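Since the structure is predicted, the reported quantities are computational estimates derived from the model, not experimental observations.
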Amino acid sequence: MLQKFYLEILMNAKIIVDLGFGDSGKGITTDFLCKQNHLSNIVVRLSGGQQAGHNVKIDNISHVHSNYGSGTLRGVPTYFSEHCTVYPVTMLREKVVLHKIDIDPILYIHPLVNVTTPGDIAYNRLTEKKLGHGSCGLGVGATMNRNINTGYKLFGIDLTNTIILEQKLKAIYDYYIGLIDNEEEICFFNDIFVKELDMFNFSVEKLNINIKSYEFLKNFYNIIFEGSQGILLDMDHGIFPNVTYSNTTSKNALQICKKIGITDIEIFYPTRCYHTRHGSGWMSNQKDVKLINNQDEINIFNEWQKDFKIGEVDYDLLNYALSIDNIYSEGITKNLVVTCLDQRPDFKFDYDSLSTNFNHIYESYSPDSKDFKLIF
């Protein structure tokens, strides 16, 4: 009992928040922080879900983390908060991939985590086909909209009761069918739904779903909150209409810290040394930027998000993103992480153009976190 008391006193949090539209190095920053503290780490996903693509490379092993936190290659467990979505199908698929490199991922989920269903996947792809919003087609936005704005809710705790799960899946299917008034679109929806449903039921059966409340986090000393996407895609502060259905600032993580009594908190803000955006929507400074050593880039053209756009650094946008996050994090220790500098070896980041005084500044020169350098 005394040991647990001291552990709670010593608990600290590191929060990773992307300063742009995503893809700025949240995975490599998470891995770096996991490597620094070997005492009782856990990675907490604070937003987003199975659409994440956080690439981590350790020596000759590389993995893109979507359903598991970016400390997984180091054996660090993952916890999905209630602000996230999970999809058992992609969770099982990624687990199989990790097993092939002798990694057995450890995952816990909050009882109120938002569960994506085959209906969400099918409806997401149907609407994306018509509207071209820039979604990645994995049902995250549809899931959050359904759980927040309708009575058709499905949570992590529901995965533990087969009868309840079956009834709720049927009700969610009926809900989506009621939104479609075109026979051709209904056929499109049903084709996807049927294929996904078989895999969904199989995945739920095979996965060991570990449901834990936030109190469980008190068993760990070092809580690393891994964000999703970026501040400029935040549902409240992003540049509409092409925003995500979640809060991508430090807001969610700070709420969790308050619930479990963590006061020792630092925020890490990754940004590339050039501007990026994957998916539809406005982006400033879009232009060709000469890059080298970018063979590990995982953001490429795909069916749902289309082109990966790049451009010069926009310091005004970085300052805007920092001012937005400061609404929630005023007075908290702040660190900057500038990534992908190996791709622009002659580039000099203009730190004087930033409005925030950072406690520390790190630079990253490869997809491997061993190449992080503390410059201030």
Side-chain angles (χ1 to χ4, degrees), residues 47-51 67 80 82-93 109-205 207 209 228-229 233 235-236 238 240-247 279-281 302-306:
S47 59
Q50 62 273 12
Q51 90 285 29
N67 305 269
F80 270 72
E82 66 186 297
H83 305 288
C84 297
T85 65
V86 294
Y87 188 43
V89 175
T90 52
M91 193 187 300
L92 182 61
R93 285 174 182 162
I109 64 175
H110 190 276
L112 296 181
V113 74
N114 303 278
V115 178
T116 296
T117 72
D120 299 309
I121 297 286
Y123 193 72
N124 178 191
R125 294 182 183 177
L126 173 62
T127 54
E128 182 62 24
K129 183 182 177 183
K130 293 192 297 181
L131 303 177
H133 184 73
S135 165
C136 59
L138 288 172
V140 174
T143 304
M144 296 300 288
N145 179 59
R146 172 181 53 73
N147 257 21
I148 292 173
N149 296 320
T150 82
Y152 297 87
K153 305 177 188 296
L154 188 70
F155 296 116
I157 194 69
D158 298 322
L159 295 174
T160 64
N161 188 305
T162 304
I163 296 174
I164 293 295
L165 179 59
E166 182 180 349
Q167 293 302 311
K168 287 196 172 188
L169 286 175
K170 183 181 184 304
I172 291 169
Y173 170 84
D174 291 340
Y175 160 72
Y176 279 121
I177 286 294
L179 299 179
I180 308 170
D181 56 9
N182 179 294
E183 191 64 36
E184 182 181 342
E185 291 180 356
I186 289 176
C187 289
F188 179 89
F189 177 91
N190 280 333
D191 283 346
I192 296 172
F193 180 87
V194 170
K195 293 174 185 175
E196 293 290 327
L197 182 61
D198 286 341
M199 278 303 301
F200 182 92
N201 290 329
F202 175 78
S203 301
V204 171
E205 181 183 340
L207 287 166
I209 306 294
S228 68
Q229 297 155 304
L233 288 174
M235 65 185 292
D236 296 323
F240 53 82
N242 305 95
V243 296
T244 189
Y245 219 120
S246 60
N247 291 121
S280 302
N302 65 57
E303 178 185 359
W304 300 106
Q305 293 174 294
K306 309 302 181 186

Could you name each residue pair satisfying salt bridge (charged side-chain N to carboxylate O under 4.0 Å, His left out) that touches residues 154-165, not counting sequence neighbours?
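Listed by first then second residue: D158-K168.
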List in chain and number order the residues that pass side chain to side chain contact (heavy atoms under 4.5 Å, CB included) with [X], two or more places apart in sequence or in another chain; answer none if no residue qualifies.
X    : answer
S228 : S47, S246, T248
D181 : none
L197 : P118, L169, F193, N201
D191 : none

Would you say [X] and [Y] make side-chain contact, with heavy atoms under 4.5 Å?
X    : Y    : value
Q229 : T244 : yes
D236 : V243 : no
Y87  : L138 : no
T143 : V115 : no
D120 : T116 : yes
I121 : F200 : no

Residues forming a ring pair (Phe, Tyr, Trp, His ring centres under 6.0 Å) with [X], sequence neighbours excluded:
X    : result
H83  : none
Y152 : Y175
Y176 : Y123

Short side-chain to backbone donor-acceptor contact, [X] and [Y], under 3.5 Å:
X    : Y    : value
Q51  : G49  : yes
N145 : Y245 : no
N114 : C84  : yes

Roughly how far, to the nearest 0.5 Å, is the CG atom of N149 from the CE atom of M144?
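The distance works out to 9.5 Å.
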To the nearest 0.5 Å, tell me how far F189 CZ sits from L126 CG.
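The CZ atom of F189 sits 8.0 Å away from the CG atom of L126.
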Considering residues at least two apart in sequence or located in another chain, which fulfil the salt bridge (charged side-chain N to carboxylate O under 4.0 Å, His left out) criterion with [X]?
X    : value
D174 : K170
E196 : none
K153 : none

Test V86 against every option in L207, I209, I109 by the side chain to side chain contact (heavy atoms under 4.5 Å, CB included) rule and name the one that passes.
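With V86 as partner, side chain to side chain contact (heavy atoms under 4.5 Å, CB included) holds for just one option, I109.
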Can you name the side chain to side chain donor-acceptor pair (under 3.5 Å) partners of T90, sequence neighbours left out?
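Listed in chain order: N67.
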Shortest non-hydrogen contact from N182 toward E184:
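Taking every non-hydrogen atom into account, OD1-N, 2.8 Å.
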